**Q** 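One structure, as structure tokens, below. Some questions next.
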Amino acid sequence: MLFWFIAIAVTAIACAALYYAAAGRMVNATGPDSPPANNHFRLVLAGIDADLANGKLGEPEAIAAKGELAREMLRQQAEVDAKAKPKAEISRGTIAAFLGAVAVLSLVTYWMLGSPELPSQPLAGRTQAAAQDIDLPAAIARIEQQLAVTPNDLRGWSVIAPVYLQTGKYAEAEHAYRRIIELGGGNADIQTALAETLMLQSNGSAAGEALTLLQSAAASDPTHVLSRLYIAAELTRSGQYDDAVKAWDAALALSKGDEPWVTAASEGRAVAVNKGVMPAGTPTPTSDAIASMVSGLAARLDTQGGSIEEWTQLVRAYVVLKDLTKAQAAYDDALKAYPKAFDRGDLDAVALEAGLKGATP
């Protein structure tokens, strides 16, 4: 309603300005110049009479001269009258009716064809097909060809790196993530992704460079959960239990309570507290409990929205639970929230690996 009020007000102001500019009016203008003085003609007439009296002109010549003088006076008066005659103007009523018709036509056309509730999107995003089968190898090949021509294309590396990671091409993923960092895109997510790639190549160990990357990611972003989870898991694995408990606490402090990783993090903390051994009697979460936590995350994203990482967690959780119908629905909702392919590289990679449809290469 506010949009229409503003639109009508702006249209009215524009029409008023056009009406003021187009309507005929006098601005600092005087009336038409008065006819020229008749002194000149009076002098000529007096001269004719004097010549007649002195015998210089005869009666017929004097009458002819006076007639010619009279015709000259009439001709000059006609010119003055023609200049003073007002030009034909469009009436104010006609102008007002025309502008009103244009305003009404514009508002009605937008009401029928426009959509003020439509969120801002780039043109490319609006023309994407709703669902297409994706030839993943061909898409990767196209991106690789483009990167061979433009090796400093940060966006291209950002798109292909998570695809490499999700498809098990760890060496290629490592190279891609390193290129992103070299080109200035090394935020907490990228550092963690590179660390994860190194861990996958080292049978899950985060020792060495991977741990350094995770610590750098956690230090650069106080709200980054994933890096803290990996740090806590590595400290637990390496037997640094006191530090591991602190790391698990730091990660859990960032949760809202319904994230899919909370249960696993709580169990990891319990293992660290118990010096590497799962405490006796610790319940193993059932599928129903996991499904309940995933449903809580889905409900929050549906009502409040969330980050692309949370949408990725939700889609991945549904895939792990082998509920591809809900995974597809969640992916569709994520595409609406993040229409730009550049923003959802990891999400698209998860969807592609699971066979979900909706993203374009």
Side-chain angles (χ1 to χ4, degrees), residues 136 140 143-144 147-148 151-241 243-248 250-251 254 259-261 264-265 267-269 271-272 276 307-310 312-313 315-317 319-320 342 344-354:
L136 182 57
I140 294 176
I143 298 175
E144 289 174 337
L147 289 173
N152 293 332
D153 182 4
L154 175 60
R155 178 170 182 170
W157 291 112
S158 299
V159 170
I160 203 170
V163 177
Y164 281 147
L165 181 60
Q166 292 295 329
T167 54
K169 297 182 177 180
Y170 301 134
E172 291 86 344
E174 178 186 349
H175 174 68
Y177 281 121
R178 290 191 187 280
R179 286 294 296 145
I180 294 172
I181 294 175
E182 290 172 1
L183 294 173
N187 57 26
D189 289 335
I190 298 301
Q191 290 176 314
T192 302
L194 176 56
E196 184 178 7
T197 304
L198 296 175
M199 290 163 58
L200 290 170
Q201 296 180 84
S202 303
N203 297 320
S205 173
E209 183 185 4
L211 184 59
T212 301
L213 287 166
L214 293 171
Q215 291 171 337
S216 176
S220 65
D221 186 352
T223 64
H224 201 259
V225 175
L226 186 57
S227 59
R228 287 170 168 76
L229 291 174
Y230 278 132
I231 291 172
E234 175 59 23
L235 292 174
T236 303
R237 187 193 68 82
S238 61
Q240 303 176 58
Y241 300 121
D243 292 336
V245 172
K246 295 177 182 178
W248 288 119
L254 297 175
E259 292 88 343
W261 52 266
E267 292 177 355
R269 183 185 187 281
V271 171
S307 66
I308 189 63
E309 290 79 12
E310 291 175 316
T312 304
Q313 289 176 2
V315 173
R316 183 183 284 116
V319 171
V320 171
F342 179 67
R344 4 171 262 265
D346 199 21
L347 173 63
D348 285 348
V350 173
L352 287 171
E353 188 177 23

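Just so it is clear, the model here is predicted, and its values are computed rather than measured.
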**Q** Nearest 0.5 angstrom please: Ser216 OG to Leu211 CG, how far?
**A** 11.0 Å
**Q** May I ask you to decide if Asn152's main-chain N or O and Trp157's side chain share a donor-acceptor pair within less than 3.5 Å?
**A** no
**Q** Testing the basics here: between Leu347 and Val315, what is the closest heavy-atom pair and its distance to 0.1 Å?
**A** CD1-CG2, 3.7 Å
**Q** If you take all heavy atoms of Ala251 and Arg228, which pair is closest and at what distance?
**A**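 Shortest heavy-atom separation between Ala251 and Arg228 comes out as CB-CB, 4.0 Å.
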**Q** Between Glu234 and Ile231 (side chain of the first, backbone of the second, donor and acceptor by atom type, cut-off under 3.5 Å), is there such a pair?
**A**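 No, the answer is negative, given that no donor and acceptor are paired below the 3.5 Å cut-off.
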**Q** Identify the two heavy atoms, one from Thr236 and one from Gly268, that lie closest to each other, and give their separation to 0.1 Å.
**A** OG1-O, 4.4 Å
**Q** Is Thr312 reaching over with its side chain to a backbone N or O of Ile308, donor-acceptor style, under 3.5 angstrom?
**A** yes
**Q** Mind checking the CG-CD1 spacing from Leu165 to Ile160? Nearest 0.5 Å is all I need.
**A**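 Going from CG on Leu165 over to CD1 on Ile160, the span is 12.5 Å.
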**Q** Report yes if some heavy atom in the side chain of Leu214 is under 4.5 Å from a heavy atom in the side chain of Glu196; otherwise report no.
**A** no
**Q** Below 4.5 Å, heavy atoms only, C-beta onward: do Gln191 and Ser227 meet side chain to side chain?
**A**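 Not touching, per the 4.5 Å side-chain cut-off.
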**Q** How far does CD of Glu267 sit from CH2 of Trp248, to the nearest 0.5 angstrom?
**A** 9.5 Å
**Q** Compare all side-chain heavy atoms of Thr192 with those of Leu213 and state whether any distance is below 4.5 angstrom.
**A**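 No, every pair of side-chain atoms sits at 4.5 Å or beyond.
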**Q** Look at the side chain of Arg269 and the backbone N and O of Ala232, then say whether any donor-acceptor pair between them is shorter than 3.5 Å.
**A** no
**Q** Quick one: does Ile140's side chain get under 4.5 Å of Tyr164's, heavy atoms only?
**A** yes
**Q** Please find the pair of heavy atoms, one from Ala207 and one from Arg237, that lie closest to each other, and give the distance.
**A** CB-NH2, 4.4 Å
**Q** Rounded to the nearest 0.5 Å, what's the gap from CG on Leu229 to CG on Leu254? Could you check?
**A**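 Reported value, rounded in 0.5 Å steps: 9.0 Å.
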**Q** What I want to find out is whether Glu174 reaches Arg178 closely enough, with some N-O distance under 4.0 Å, to be called a salt bridge.
**A** yes
**Q** Working to the nearest 0.5 Å, report the span between NZ of Lys246 and CD of Gln240.
**A**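 Those atoms lie 11.5 Å apart.
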**Q** Any heavy-atom pair between the side chains of Tyr241 and Leu235 that's under 4.5 Å?
**A** no
**Q** Is Asp189 close to His224 at the side-chain level, that is, under 4.5 Å between some pair of heavy atoms?
**A**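 Side-chain contact under 4.5 Å: yes.
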**Q** How close do Ile180 and Ala161 get, counting heavy atoms only, and between which atoms?
**A**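 Heavy-atom minimum between the residues: CD1-CB, 4.0 Å.
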**Q** Of all the heavy-atom pairs spanning Ala210 and Ala195, show the shortest one and how long it is.
**A**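 Answer, listing the atom of Ala210 first, then Ala195: O-CB, 3.5 Å.
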**Q** Any heavy-atom pair between the side chains of Ser158 and Arg155 that's under 4.5 Å?
**A** no
